[in-house]
Student: 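Here it is, the structure, as structure tokens.
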Amino acid sequence: DGVAARRRQWVSSLSGRTRVSGMMQQLTLEGELALFSGEHDGLPAATQNEVSETAWFFQLTGRPDDSPLDYRLRLERTGQDYRPAGAPVTPDHRGYELHAGWQQGSGIRLNGRMQSFRDGLESADPMDTNVLGISLSGPLLGNLDEKITGTLDGSYQRVSNASETTDSR
């Protein structure tokens, strides 16, 4: 009949951020917990069943006092039926990330990262993506010429699924 199906959705969330100083660290704690309730395009049109699902993330960012080191840890989880219309969210997803950086007085910065994602968590064949990366940026010639800056970046990524039909590096 050419009429698009109407979907009813309700999304609410609670988020927070705080800064903490102590134990010779400057820390920022962030988090959000969201609840989705309603219908989405992944449900059979004939059922019009409402579902409820959650999504959350937690992030810790820190820097030790008197140190050129900084770091970030992020954990996130989005349920299979967390699918608000128009939201840039990957449903049925889990992610772990660890980033660390070292800033030299000369302006050179070294960054490293480890990331692990799993998509299709509740499916029979989840997909894993694991990434290791390192980058070096700033005046790459040091004191010889500080005006010449650049970035060297390298990473390794592996994507695989449980049934071993996908395995790329």
Side-chain angles (χ1 to χ4, degrees), residues 2-20 25-63 69-102 109-137 151-169:
V3 177
R6 294 181 71 175
R7 300 286 183 203
R8 293 183 200 190
Q9 297 183 342
W10 179 74
V11 179
S12 61
S13 70
L14 176 65
S15 64
R17 177 180 183 182
T18 188
R19 292 196 172 139
V20 179
Q25 300 276 319
Q26 301 298 316
L27 302 174
T28 301
L29 304 168
E30 299 175 75
E32 182 175 12
L33 175 62
L35 174 65
F36 168 90
S37 182
E39 305 156 345
H40 61 74
D41 289 337
L43 294 171
T47 64
Q48 295 294 312
N49 290 333
E50 286 199 14
V51 293
S52 293
E53 191 65 85
T54 59
W56 59 266
F57 91 90
F58 172 78
Q59 182 168 288
L60 168 69
T61 306
R63 174 183 293 276
L69 173 70
D70 60 74
Y71 55 89
R72 177 169 53 102
L73 171 68
R74 182 180 175 96
L75 311 170
E76 61 188 17
R77 171 73 166 90
T78 307
Q80 183 178 24
D81 286 315
Y82 190 87
R83 299 178 188 207
V89 196
T90 303
D92 208 14
H93 170 84
R94 179 191 70 209
Y96 304 127
E97 299 183 49
L98 177 61
H99 299 256
W102 187 270
R109 180 162 178 84
L110 178 66
N111 289 311
R113 70 182 186 279
M114 294 185 333
Q115 299 166 293
S116 179
F117 305 108
R118 177 167 271 193
D119 293 304
L121 273 171
E122 298 178 43
S123 75
D125 198 17
M127 184 77 67
D128 293 321
T129 303
N130 295 296
V131 180
L132 293 173
I134 190 165
S135 66
L136 182 68
S137 60
T151 301
L152 300 171
D153 189 28
S155 64
Y156 168 83
Q157 176 176 298
R158 180 175 184 190
V159 179
S160 62
N161 61 353
S163 65
E164 299 180 2
T165 58
T166 299
D167 192 354
S168 63
R169 296 168 203 207

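Numbers for residues simply follow the sequence, beginning at 1.
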Student: Hydrogens and angles aside, do D128 and S160 bring a side-chain donor and acceptor to less than 3.5 Å of each other?
Tutor: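 Judged by distance alone, the side chains do not pair up.
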Student: Do the side chains of R109 and L136 get nearer than 4.5 Å, heavy atoms only?
Tutor: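 A side-chain contact under 4.5 Å is absent here.
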Student: Please evaluate residues D92 and R83 with respect to the criterion salt bridge (charged side-chain N to carboxylate O under 4.0 Å, His left out), reporting the C-alpha separation (whole Å), side-chain torsions for both, the decisive distance (0.1 Å), and the verdict.
Tutor: CA-CA 9 Å; D92 208 14; R83 299 178 188 207; over 6 Å; no
Student: To the nearest 0.5 Å, tell me how far L33 CG sits from W56 CH2.
Tutor: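 So the gap between those two atoms works out to 10.0 Å.
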Student: Once you round to the nearest 0.5 Å, how far does OG1 of T129 lie from CZ of R158?
Tutor: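 Reported to 0.5 Å precision, the distance equals 11.0 Å.
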Student: For G101 and N111, work out which heavy atoms get closest and say how close.
Tutor: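 Taking G101 first and N111 second, the nearest heavy atoms are CA-OD1, 3.4 Å.
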Student: Describe, in one word, how the ring planes of F36 and Y82 are oriented to each other, choosing from parallel (under 30°), tilted (30 to 60°) and perpendicular (over 60°).
Tutor: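 If you compare the ring of F36 with that of Y82, the planes turn out perpendicular.
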Student: Does any part of the side chain of P126, heavy atoms only, come nearer than 4.5 Å to the side chain of L121, both counted from C-beta?
Tutor: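 Answer no - side chains too far apart.
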Student: Return the CD to CZ distance between E30 and R74, rounded to the nearest 0.5 Å.
Tutor: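 Here the interatomic distance stands at 8.0 Å.
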Student: Do R113 and V131 have side-chain heavy atoms sitting under 4.5 Å apart?
Tutor: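 Result yes, sub-4.5 Å side-chain heavy-atom pair found.
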Student: Given side-chain contact (heavy atoms from CB on, under 4.5 Å), test L73 with E97 step by step and report yes or no.
Tutor: CA-CA 6 Å; L73 171 68; E97 299 183 49; over 6 Å; no
Student: Is the shortest heavy-atom distance from the side chain of L110 to the side chain of I134 under 4.5 Å?
Tutor: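 In short, these two side chains touch, coming nearer than 4.5 Å.
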Student: State whether the side chain of Q9 and the backbone N or O of E39 hold a donor-acceptor pair below 3.5 Å, judged by distance alone.
Tutor: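 Yes.
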Student: Can you find a pair of side-chain heavy atoms, one from Y96 and one from L98, that are under 4.5 Å apart?
Tutor: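 When only atoms from C-beta onward are counted, L98 and Y96 do not touch, as no gap falls below 4.5 Å.
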Student: Taking side chain as C-beta onward, heavy atoms only, is R94 less than 4.5 Å from E76?
Tutor: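 Of all side-chain heavy-atom pairs linking E76 with R94, none is under 4.5 Å.
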Student: List the steps and the verdict of salt bridge (charged side-chain N to carboxylate O under 4.0 Å, His left out) for R77 and E32.
Tutor: CA-CA 11 Å; R77 171 73 166 90; E32 182 175 12; over 6 Å; no
Student: Does D125 reach the main-chain N or O of S163 with its side chain, forming a donor-acceptor pair under 3.5 Å?
Tutor: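 Confirmed, D125 side chain pairs with S163 backbone.
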Student: Grab the two heavy atoms, one from P91 and one from T78, that are nearest each other, plus how far apart they are.
Tutor: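 Answer, listing the atom of P91 first, then T78: CA-CG2, 3.8 Å.
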Student: If you define the side chain from C-beta out and look only at heavy atoms, does anything of H99 sit under 4.5 Å from Q115?
Tutor: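 Result yes, sub-4.5 Å side-chain heavy-atom pair found.
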Student: What's the spacing between L27 CG and Y71 OH if we round to 0.5 Å?
Tutor: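 Rounded to the nearest 0.5 Å, the CG-OH separation comes to 4.5 Å.
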Student: Testing the 3.5 Å rule here: is there a donor-acceptor pair between the side chains of Q26 and R63?
Tutor: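 On atom types as modelled, these side chains do not qualify, holding no pair under 3.5 Å.
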Student: Would you indicate whether the side-chain heavy atoms of T90 and D119 approach each other to under 4.5 Å?
Tutor: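 Yes. Closest side-chain heavy atoms under 4.5 Å.
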Student: Calculate, to the nearest 0.5 Å, the distance between atoms CZ and CG belonging to R19 and L29 respectively.
Tutor: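 One gets 11.0 Å once the value is rounded to the nearest 0.5 Å.
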Student: Among residues at least two apart in sequence or on other chains, which ones pass side chain to side chain donor-acceptor pair (under 3.5 Å) with S168?
Tutor: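 If we apply the side chain to side chain donor-acceptor pair (under 3.5 Å) test to S168, skipping adjacent residues, there are no hits.
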Student: Is there a ring-ring contact (aromatic ring centres under 6.0 Å, His included) between F117 and H93? Walk through the geometry before answering.
Tutor: CA-CA 7 Å; F117 305 108; H93 170 84; 5.8 Å; yes
